[in-house]
Amino acid sequence: MRSWKLFCARSSGNLRAAMALIRASQYFLPTWKEDPAEAELPSHKLMLRAGMIRKLAAGIYTYLPLARRVLHKIERIIREEMEAIGGMEITMPMIHPAELWAETGRLQDFGPILGRFRDRAGREMVLGPTHEEVITDLARREIRSWRQLPLVFYQIQTKFRDEPRPRGGLVRAREFTMKDAYSFHESKEDLDRFYREIYQAYLNIFRRCGLSVVPVEADPGLMGGSESHEFMLPSPYGEDSFIHCENGDYAANLEGAVSLKDEDPPEPLLPLEEVATPGCYTIEAVAAFLGVPTRKTAKAVFYKTPKGLAFVVIRGDLEVNEAKLARALGTTELRPATEEEIAAIGAVPGYASPIGIRRNGVRVVVDDSIPKARNLVAGANREGFHLRNVNFPRDFQADLVADVAMARDGDRCPRCGGKLRVQRAIELGHIFKLGTKYSEAMGANFLDRAGKSRPLIMGCYGIGVGRLLAAVIEAHHDEAGIIWPENLAPFETVVSVLDPREPSLLNLGEELAFALARAGLEVLLDDRDQSAGEKFHDAKLWGIPVLVVVGPRAARQNQVELERRRDGVKVAAPAQPEAVVEKALELLRAGA
RNA sequence: CGGAGAGUAGCGCAGCCUGGUUAGCGCGCAUGGUUCGGGACCAUGAGGUCGGCGGUUCGAAUCCGCCCUCUCCGACCA
């Protein structure tokens with residue numbers, strides 16, 4: 001009889017095999033039969049049920065052994081792809097002095113999302129939500145010359161963001177693992193070159209994790225910079241949305257999405273005319289009262305910015321996209337104005353009009369839908385009255401004409417005129433051309449080829465690793481549990497000994513498991529003294545690609561049974577190590 | 001931050017409206033036994049500050065107030 005102790009003998013080949021063989025009876029695999037009340041998303045439920053994660057507080061989780069095994073594989077893929085494009089792994093501190101964040105103004109900009117505390121000396125510290133400041137500090141101390149460039153650093157590290165609303169388990173956590181990378185270049189052209197490389201590396205990473213992600217044009221937002229892309233996994237449970245053209249030539253985050261706005265058919269500009277519209281405080285009410293479609297109206301919307309009030313005029317059937325408006329105004333802080341603030345500039349809420357507004361201290365932003373429209377209905381700036389036949393720029397002027405409208409499902413594509421569709425999605429990665437925003441703010445300069453001191457040109461690139469793990473499960477599961485892609489599975493095979501108290505069965509199971517491990521597979525030997533049904537269910541819940549059943553029924557015929565998780569295909573094999581290894585490899589390697 | 005809901009054993013829940021024995025049920029857990037191919041069975045047992053604090057009352061899981069935590073929708077989200 002081959003005893004377990006023999007398997008563990010310290011000959012090197014056996015040691016490696018022994019490390020690839022885990023006994024379930026001695027491992028930590030706390031599974032749940034029932035769905036937890038706290039979870040909504042499939043990935044969240046399954047990670048709790050399969051014993052992968054446990055919650056410590058809202059959005060803060062412990063990763064258990066099963067999750068760690070998968071994470072190691074995901075991280076390995078990420079490292080390979082990052083190293084392949086010249087990335088160098090580093091680890092930066094999680095705790096940063098607040099002063100560093102004050103240098104770029106983001107101590108303010110991030111606001112309450114930043115975790116903060118004081119050290120014993122009373123110095124203000126922050127929990128790093130991202131690392132542009134820290135890496136730029138390193139760069140300004142170390143990089144002197146163009147000869148040192150380009151440089152690409154990355155890390156895989158825990159971040160903390162005190163999000164107002166964590167949700168969906170690992171899809172939106174407060175403490176989470178992120179791969180973040182930062183690149184430094186001597187020229188815009190070199191940044192462009194690297195941006196294309198990392199864009200491709202990201203596609204490789206997600207493909208290798210078995211995911212079909214869609215790269216979309218994104219709004220750089222708080223990060224600053226010019227070009228930016230997000231990598232989205234379409235999912236009904238996504239925390240984000242993007243818009244894409246049915247013809248496949250345009251995809252963008254809703255925050256920055258553009259759609260075509262049709263020009264009204266030409267019609268003569270009619271004279272202004274005041275009409276009574278009692279009690280009509282909304283566009284819908286006015287349009288209905290006057291019997292015109294909402295797109296023949298102009299809506300006035302007010303926002304408060306640090307630089308004063310913004311008065312936005314937009315076609316009545318459209319909504320203002322606050323992210324686009326903020327960018328048009330060159331600010332990051334924007335909120336709807338209060339009734340008092342609106343009244344203070346002489347506007348009448350519900351009947352506000354771009355005509356006759358007090359212009360001092362107010363910026364009038366006209367959406368580009370307005371110049372394309374004719375003879376609109378707008379407020380008269382008098383309670384109970386509207387104006388007909390309002391035309392821009394005949395009747396009022398703008399400080400700024402810009403596209404500040406929210407693109408909608410069904411709108412037309414700005415590239416080809418095709419139909420745009422809104423899709424919910426999980427944002428898995430985000431890449432940015434930062435330019436010199438951080439290097440200028442922090443004085444990170446280098447001497448270029450001409451001997452001139454210039455700010456470093458930077459890019460930054462993130463992947464939510466925990467979110468990626470959850471996304472893989474969102475994309476690969478069924479009612480029974482997870483279905484891991486084979487290269488990410490925590491174990492490649494599970495050998496279930498149905499009656500481990502029967503020594504001959506246990507021995508057979510051990511022998512087969514050891515043979516599989518020696519063949520290079522990671523094996524979970526389910527030697528727990530539990531009912532067969534529980535073992536079958538757990539194997540499915542865990543999503544292990546190949547199940548080897550060592551049970552008395554088949555053993556009587558000197559056989560074992562193998563079952564593939566992905567499609568439930570079952571095959572029998574002689575209860576011999578070589579035969580079982582061969583069948584297992586066959587099931588693993590064979591295409592879907 | 002706005003709206004909604006929930007906190008009772010490790011998990012899932014009932015009890016609360018209408019206050020009154022020793023706070024229940026299923027799963028899980030422990031021990032013994034019987035089982036052993038798709039979430040077994042029998043027996044015995046352990047396990048509860050009923051989220052916290054305060055109030056009302058002879059008496060509070062139950063009624064009232066404040067607070068905390070968690071979940072969902074929205075706002076927000078490099």
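No hydrogens, no waters, no symmetry mates; every other heavy atom, side chains included, goes into these values. Labels below follow one simple rule: chain letters A, B, ... track the order of the sequence lines, proteins then strands, and each chain is numbered from 1.
Nucleotide B:rG74 forms a Watson-Crick or G-U wobble pair with B:rC1, both donor-acceptor distances falling under 3.5 Å. B:rA40: Watson-Crick or G-U partner is B:rU34, with both key distances under 3.5 Å. As the counterpart of B:rA9, no nucleotide is assigned, since no Watson-Crick or G-U wobble pattern has both distances under 3.5 Å. Within the shown strands, B:rG55 is the pairing partner of B:rC63 under the Watson-Crick or G-U definition, both distances less than 3.5 Å. Taking a pair to require two hydrogen-bonding distances under 3.5 Å in either a Watson-Crick or a G-U wobble arrangement, B:rU22 remains unpaired. The partner of B:rC29 is B:rG45, judged by Watson-Crick or G-U wobble contacts that both fall below 3.5 Å.
Atom CZ in A:R167 sits roughly 9 Å away from atom P in B:rA75 (whole-Å rounding). In this structure, the CZ atom of A:R172 is 15 Å from the P atom of B:rC70, given to the nearest Å. Here the C1' atom of nucleotide B:rG38 and the CD atom of A:Q530 are 14 Å apart, to the nearest Å. Atom CD in A:E163 sits roughly 10 Å away from atom P in B:rC77 (whole-Å rounding). Rounded to an integer number of Å, the gap from A:F160 CZ to B:rC77 P is 18 Å. Atom CD of A:E38 and atom P of B:rU71 are 7 Å apart (whole Å). Protein atom CG of A:D478 is 14 Å distant from nucleotide atom C1' of B:rG38, rounded to whole Å. When the C1' atom of B:rC77 is taken as reference, atom CG of A:L254 falls 14 Å away, rounded to whole Å.
Counting any heavy atom pair closer than 4.0 Å across all strands shown, A:R556 reaches no nucleic acid atom. At a threshold of 4.0 angstrom between heavy atoms, the contacts of A:F176 include nucleobase atoms, whether or not backbone atoms are also involved. The residue A:K570 sits close to a base: some heavy atom pair falls under 4.0 Å. At the heavy-atom level, A:K535 lies nowhere under 4.0 Å from the strands shown. Counting any heavy atom pair closer than 4.0 Å across all strands shown, A:E561 reaches a base atom. Within the 4.0 angstrom heavy-atom criterion, base atoms lie near A:D538. A:A554 comes within contact range of at least one nucleobase, with a heavy-atom separation under 4.0 Å. Across all strands, A:E230 comes closer than 4.0 Å to no nucleic acid atom at all (heavy-atom distances). Among the heavy atoms of the strands lying under 4.0 Å from A:G168 are primed sugar atoms or P, OP1, OP2 only; no base atom is included. A:E534 comes within 4.0 angstrom of a nucleotide base, judged by non-hydrogen atoms across all strands.
Atom CD of A:Q200 sits in a crowded spot, with more than 12 heavy atoms from other residues, nucleotides or ligands closer than 6.0 Å.
Side chain of A:K535 to backbone of A:D527: no donor-acceptor contact under 3.5 angstrom is found. When atom types are taken as modelled, the side chain of A:W542 and the backbone of A:I482 share no donor-acceptor pair closer than 3.5 angstrom. A donor-acceptor contact shorter than 3.5 Å links the side chain of A:Q155 to the backbone of A:M92. Looking only at distances, a side-chain donor or acceptor of A:D367 sits under 3.5 Å from a matching main-chain atom of A:A405.
The listed nucleotides are B:rG38, B:rC73, B:rA40; the one nearest the side chain of A:A532 is B:rG38. With B:rC13, B:rG39, B:rC11 as the choices, the nucleotide that has an atom nearest any side-chain atom of A:E34 turns out to be B:rC11. For A:K33, the side-chain atoms get nearest to B:rG28 when compared with the rest of B:rC70, B:rA75, B:rG28. Of the candidates B:rC36, B:rG39, B:rU71, the closest approach to any side-chain atom of A:A58 belongs to B:rU71. Distance from the side chain of A:R553 is smallest to B:rG37 among B:rG37, B:rC77, B:rG39. Distances from the side chain of A:R165 to the nucleotides B:rC72, B:rG39, B:rG12 place B:rC72 closest. If you check B:rU71, B:rG37, B:rG39 against the side chain of A:K55, the one that comes closest is B:rU71.
Atom name C1', nucleotides B:rA4 and B:rG45: the rounded distance is 42 Å, in whole Å. If you take atom P in B:rC50 and the same atom in B:rC36, they sit 45 Å apart, rounded to whole Å. Comparing the P positions of B:rA14 and B:rA9 gives an interatomic distance of 12 Å, to the nearest angstrom. Comparing the same atom, P, in B:rU34 and in B:rC70 gives a spacing of 48 Å after rounding to whole Å. Comparing the C1' positions of B:rG51 and B:rC68 gives an interatomic distance of 7 Å, to the nearest angstrom. Of the P atoms belonging to B:rG54 and B:rU21, the separation is 24 Å, rounded to the nearest Å. A gap of 32 Å separates the P atoms of B:rG48 and B:rU57, to the nearest Å. Taking atom P in both B:rC41 and B:rG3, the straight-line distance is 48 Å, to the nearest Å.
When each of A:H44 and A:P36 is assigned the nucleotide of RNA chain B bearing its nearest heavy atom, the one mapping closer to the 5' terminus is A:P36. Mapped onto RNA chain B by nearest heavy atom, A:D35 and A:M178 fall at different nucleotides, with A:D35 at the one closer to the 5' end.
Ring centroids of A:Y182 and A:Y438 are separated by 6.0 Å or more, keeping the two rings apart.
One N or O donor and one acceptor, one from the side chain of A:E563 and one from the base of B:rG38, sit under 3.5 Å apart.
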Salt bridge (charged side-chain N to carboxylate O under 4.0 Å, His left out) between A:E132 and A:R106: does it pass, once the steps are laid out? CA-CA 10 Å; A:E132 284 75 19; A:R106 291 163 107 203; 3.2 Å; yes

With side chain to side chain donor-acceptor pair (under 3.5 Å) as the criterion, how do A:N507 and A:E511 come out once you've worked through the C-alpha distance, each side chain's angles and the decisive distance to 0.1 Å? CA-CA 6 Å; A:N507 286 340; A:E511 190 181 4; over 6 Å; no

Go through the steps for A:K179 and A:E81 under the test salt bridge (charged side-chain N to carboxylate O under 4.0 Å, His left out), then give the verdict. CA-CA 12 Å; A:K179 187 286 301 176; A:E81 295 291 339; over 6 Å; no

